[in-house]
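Here is how names work: the chains are called A, B, and so on, in the same order as the sequence lines, proteins then strands, and each is numbered from 1. All of these numbers come straight from a predicted model, not from anything done at the bench.
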Amino acid sequence: MNLIQIKNCYKVYNNGVTAIADLNLTIKKGEFVFVIGASGSGKSSLIKMLYREERPTNGSVIVGGINVAKLRNSKVYKLRRKLGIVFQDFKLLPKLTVYENVAFALEAIGMNSKEIRPKVLKALESVGLKEKVRSFPNQLSGGEQQRVCIARAIVNEPKLLICDEPTGNLDPEISKEIVKILDKINKEFETTIIMATHDREIVNKMKKRVILLEDGVLTGDYLKGSYKAHESN
Amino acid sequence: MKAIRIVIRGIRDAFKSVFRNFSLTTAAITCSTITLILVAVAMILSYNVQSITKDLEKELTIIVYFKEDRTEEQIAELKTKLSNMENVETYDFKDKETWKNELKAYDETFNTSLDYFTENPLLDSIVVKVKDVTHLKETTNEIRKYEYVESASFGEEAVLENVIGAFNIIEKITVVMVFALVVVTAFLIGNTIKLTIFSRRNEIEIMRLVGASNISVKLPFVFEGLVLGILGSIIPILITVYGYVILYDHFNGYIFLSMIRLVKPFNFIIYVSLIVLGLGSIIGMIGSYLAVRRYLKI
Ligand SMILES: Nc1ncnc2c1ncn2[C@@H]1O[C@H](COP(=O)(O)OP(=O)(O)OP(=O)(O)O)[C@@H](O)[C@H]1O
Ligand SMILES: [Mg+2]
């Protein structure tokens, strides 16, 4: 079962920059995929197309059965409800508590508070933050804040979790913790995870499928664990 | 259920931000208050003037005097002519003897002075009521044509035309002013909404990322405009209701020596209030709609 199917995809920005060129890629349900490449290689552009922040200029990007290229603006929310997104900058609301920040995602889609409560607590438990429900974001460490973001991204039990450099702002130790949580989510809930990263150490250690972009071109698609071997060659 | 939740959330957020941006909110509400007061006053005035002119028009009649040497046949002829005229509603023949007796009964001076005459100096007359006052002049001219008619005229013509003319000008000026104020108000409300949109852009971004539908993202802002418009119509409505009732009671319903009758307060002020409320809401929503369209591109 392919969750993501990308065919002959191009992304050319208005300024003429080709961020993605002739990309063909399929990702199955339940996979954990790293997207790596130098700065400017098109990782964020690829990720933005997956949640329809950007439209492909050409070709097709199908996510969970929805063709992103043809998705109308007014229907984007239908796609977004199927996925969770985590960013390098956490995008937490400073005036809301941890609990409220996570609950916000469910309130925003019109869920009632009775349904919301158990889901929020479960999500916070998955990231190990059940004790911090009443804290405000500025009372948390960077790693804890990112865990709140992960909880918010998975609270609606999405099939796909998209992460754009989630550890970009964190120490190596904390980064490892975050990736461990993602790995746990991947295994426990069979959530498909796509993570763009610069962190070679993490990629080497985790032994997952790795997609390598160079100037917008896919130059390597390494199956589980084969990336490190390639690197050492 | 879900729709209700979205609406409740929208209203809650709207009230929150109305109080958060207090100074701009106050400006917007003040402006819509002024606009709506003007609208209410203009409506009350125009409605009353309309009803007054209608009252006056009802009184407008043509008085036809026959020449001294008219014959009975000529009187009969004019009566049939009048019956055939399209614009004539009713007519009322009054001979000179009836006039004389009425005048004598009305006033002592008339009584004595009329006694000096051996012959009745007055003329026979017909009072004609028309259906459509706007054709009063044509009908009068038509009656004047007959050789046995001494005169045919209608009173208060000039006064009425002056009043209506003056009021038309006032009405036009008011319409222009109200229109300008409506635009300014919508603009101010739009600006308030714009500020809210900017102050909540992080929230909006997250809402969109987690899959809030466009309507639930936009709704709070439309509600905010609605709330501003409604808040702006409270004072005008109070002024309409209390002001008009007090005015009406003060004059006992009549002004200018009982000549002019005011429109009864009920249900008139309820209609005016509803229109003020509706207009306030519409202005608020237009303002927020414009801001949402401009600054909330989704
Ligand atoms: N909105 C945009 N408009 C124009 N050009 C853009 C836009 N976003 C990205 N680009 C360009 O597209 C190319 C790919 O950018 P992208 O952000 O996808 O790279 P990246 O791999 O995520 O880099 P980084 O590792 O630094 O985040 C770059 O050359 C960038 O300048
Ligand atoms: Mg990037």
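A:A108 and B:V210 get closest at one heavy-atom pair: CB-CG2, 4.0 Å. When all heavy atoms of B:N214 and A:S74 are compared, the pair lying nearest together is ND2-CA, 3.4 Å.
Heavy-atom contacts from other residues, nucleotides or ligands closer than 6.0 Å to NZ of A:K132 number 12 or fewer. Under a cut-off of 6.0 angstrom, the local environment of CG in A:N15 is crowded, with over 12 non-hydrogen atoms contributed by other residues, nucleotides or ligands. The neighbour count for A:K159 NZ, taken as heavy atoms of other residues, nucleotides or ligands under 6.0 Å away, does not exceed 12. Counting heavy-atom neighbours within 6.0 Å of B:K264 NZ, excluding the residue itself, gives a total of 12 or less. Within 6.0 Å of CZ on B:F187 lie no more than 12 heavy atoms contributed by other residues, nucleotides or ligands. Counting non-hydrogen atoms of other residues, nucleotides and ligands closer than 6.0 Å to CD of A:Q139 gives a total above 12. Under a cut-off of 6.0 angstrom, the local environment of CZ in A:R55 is crowded, with over 12 non-hydrogen atoms contributed by other residues, nucleotides or ligands.
When side chains are defined from C-beta on, A:R152 counts as touching B:I206, because their heavy atoms get closer than 4.5 Å.
Using non-hydrogen atoms only and a strict 4.5 Å limit, the part of residues 77-101 of chain A facing chain B consists of A:Y77, A:R80, A:R81, A:I85, A:F87, A:K91, A:L93.
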